[in-house]
Amino acid sequence: MSTDSIALRLINQSADCNNSSILVFQKNVATNFDEIAVAWQVIDNLGSGWIHPFTYDLDLQVSVADSWGNHMPPQDTADGQLWKVVRDCSGDQLKAGGPGTSASEVQVLNSLDRGAVSACIYRSGKLLATKTGVAPGQKAVFLFKPSIWIGIASQIQQGDVLDSAIMSNSNTQLNLTNIASADIVLSGGGPGRNSRPFTFALENVRYM
């Protein structure tokens with residue numbers, strides 16, 4: 001198994017009869033508490049007894065989008081790296097700018113003379129976080145702890161921006177530090193008065 005990723009399996013052992021969706025996201029802890037989060041994974045139609053495997057890559061990718069609807073293909077990045085949005089003869093470009101001001105953050109600096117951009121971070125090929133409206137001279141910073149947040153959600157699609165109510169309802173934090181593989185077991189639910197709260201727990205954990 002690759003040490004560059006964590007193999008996860010979501011297992012539905014609940015008594016849920018509503019065919020609920022399951023939301024997985026991370027929080028950008030480099031910024032203040034009003035930072036928006038993005039639905040990184042949304043697992044739909046997972047019946048009782050079924051399993052949904054997914055991968056948590058340890059490496060990240062970075063991209064930017066402009067106000068004209070253009071975007072750069074995601075590029076591999078590492079903690080401590082600074083990226084700059086610059087203008088050349090063909091238009092705007094995203095280029096590595098050497099080390100950033102923090103060894104634990106990915107930073108994106110808008111070095112354009114004019115025009116705001118959106119900085120985007122991807123994990124496992126899916127949008128993980130975004131910072132919109134980064135004006136010239138401003139910097140977007142991203143820092144993620146090795147943990148995920150998970151919960152039951154409705155009417156959410158992968159890549160959607162999450163509001164505070166959805167984030168507060170998805171309040172189970174699972175620490176993935178030094179984990180190589182694990183099962184995430186969903187239990188609870190059920191009809192009427194016998195309904196139990198939904199819970200998510202790591203089981204069958206194998207460490208690196």
Side-chain angles (χ1 to χ4, degrees), residues 5-58 60-61 65 105-106 118-133 140-179 181-205:
S5 63
I6 303 172
L8 299 171
R9 300 193 314 163
L10 178 62
I11 303 175
N12 185 1
Q13 293 183 356
S14 75
D16 177 36
C17 293
N18 296 321
N19 195 17
S20 302
S21 297
I22 298 155
L23 166 68
V24 184
F25 65 95
Q26 287 193 280
K27 295 181 179 180
N28 180 12
V29 297
T31 57
N32 54 30
F33 291 106
D34 62 1
E35 181 72 12
I36 58 176
V38 172
W40 175 54
Q41 303 267 359
V42 177
I43 295 107
D44 295 314
N45 199 38
L46 186 68
S48 180
W50 283 60
I51 298 171
H52 181 91
F54 64 99
T55 300
Y56 177 101
D57 289 341
L58 301 183
L60 298 170
Q61 296 79 43
E105 296 174 352
V106 176
S118 296
C120 304
I121 296 292
Y122 293 80
R123 189 186 298 281
S124 304
K126 297 179 180 180
L127 183 64
L128 180 69
T130 185
K131 178 66 175 178
T132 60
V141 293
F142 300 93
L143 172 62
F144 304 96
K145 293 182 178 180
S147 62
I148 56 175
W149 297 81
I150 189 167
I152 299 296
S154 61
Q155 299 180 333
I156 295 292
Q157 295 183 342
Q158 178 186 306
D160 283 354
V161 172
L162 306 176
D163 61 32
S164 57
I166 295 173
M167 292 174 62
S168 63
N169 286 333
S170 301
N171 56 10
T172 298
Q173 184 179 14
L174 301 176
N175 190 340
L176 303 180
T177 302
N178 297 326
I179 289 178
S181 64
D183 293 337
I184 303 172
V185 178
L186 168 62
S187 57
R193 295 181 179 179
N194 296 323
S195 177
R196 294 177 294 123
F198 288 110
T199 59
F200 295 87
L202 288 176
E203 297 185 7
N204 302 318
V205 177

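Count residues from 1 along the sequence.
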Short side-chain to backbone donor-acceptor contact, N12 and G49, under 3.5 Å: no

Between CG on residue L8 and CG on residue L202, distance to nearest 0.5 Å: 8.0 Å

Residues which pass side chain to side chain donor-acceptor pair (under 3.5 Å) with N178, listed by chain and number, not counting sequence neighbours: none

Test side chain to side chain contact (heavy atoms under 4.5 Å, CB included) applied to D44 - qualifying residues, sequence neighbours left out: S21, V42

Parallel, tilted or perpendicular: ring planes of F144 versus F142, cut at 30 and 60 degrees: parallel

Nearest atoms (heavy-atom pairs only) where P146 meets N175: O-OD1, 3.3 Å

Qualifying residues under side chain to side chain donor-acceptor pair (under 3.5 Å), relative to T199, sequence neighbours excluded: S187

Pairwise distance OH(Y122) to OG1(T130) - rounded to 0.5 angstrom: 8.0 Å

Side chain to side chain contact (heavy atoms under 4.5 Å, CB included) involving Q13 - partner list, sequence neighbours excluded: I11, V185

For G189 against F198, the heavy-atom pair lying closest together: CA-CE2, 3.7 Å

Gap between atom CG of L176 and atom OG of S181 - 0.5 Å precision: 11.0 Å

N18-S20 side chain donor-acceptor pair, cut-off 3.5 Å: no

Validation: residues 147-154 side-chain donor-acceptor distances under 3.5 Å, sequence neighbours left out:
residue, atom, partner, partner atom, Å
S147, OG, Q173, NE2, 3.0

N171: side chain to side chain contact (heavy atoms under 4.5 Å, CB included) partners, not counting sequence neighbours: none

Heavy-atom closest contact (I184 atom, F200 atom, distance): CG2-CD2, 4.1 Å

Donor-acceptor contact below 3.5 Å, side chain S48 vs main chain S14: yes

Side chain to side chain contact (heavy atoms under 4.5 Å, CB included) assessment of F25 paired with K27: CA-CA 7 Å; F25 65 95; K27 295 181 179 180; 4.0 Å; yes

Test item: N28 side-chain N/O and L128 main-chain N/O as donor-acceptor pair under 3.5 Å: no

Ignoring hydrogens and angles, write down the donor-acceptor pairs under 3.5 Å from the side chains of residues 155-167, residues two or more places apart or on other chains.
residue, atom, partner, partner atom, Å
D160, OD2, Q157, N, 2.8
D163, OD1, A165, N, 3.2
D163, OD1, I166, N, 2.8

Euclidean distance, N19 CG relative to N45 CG, rounded to 0.5 Å: 4.5 Å

R9: salt bridge (charged side-chain N to carboxylate O under 4.0 Å, His left out) partners, not counting sequence neighbours: D183

For Y56, side chain to side chain donor-acceptor pair (under 3.5 Å) partners two or more places apart: Q26, R123

L46 CG to H52 NE2 distance, which is reported to the nearest 0.5 Å: 8.0 Å

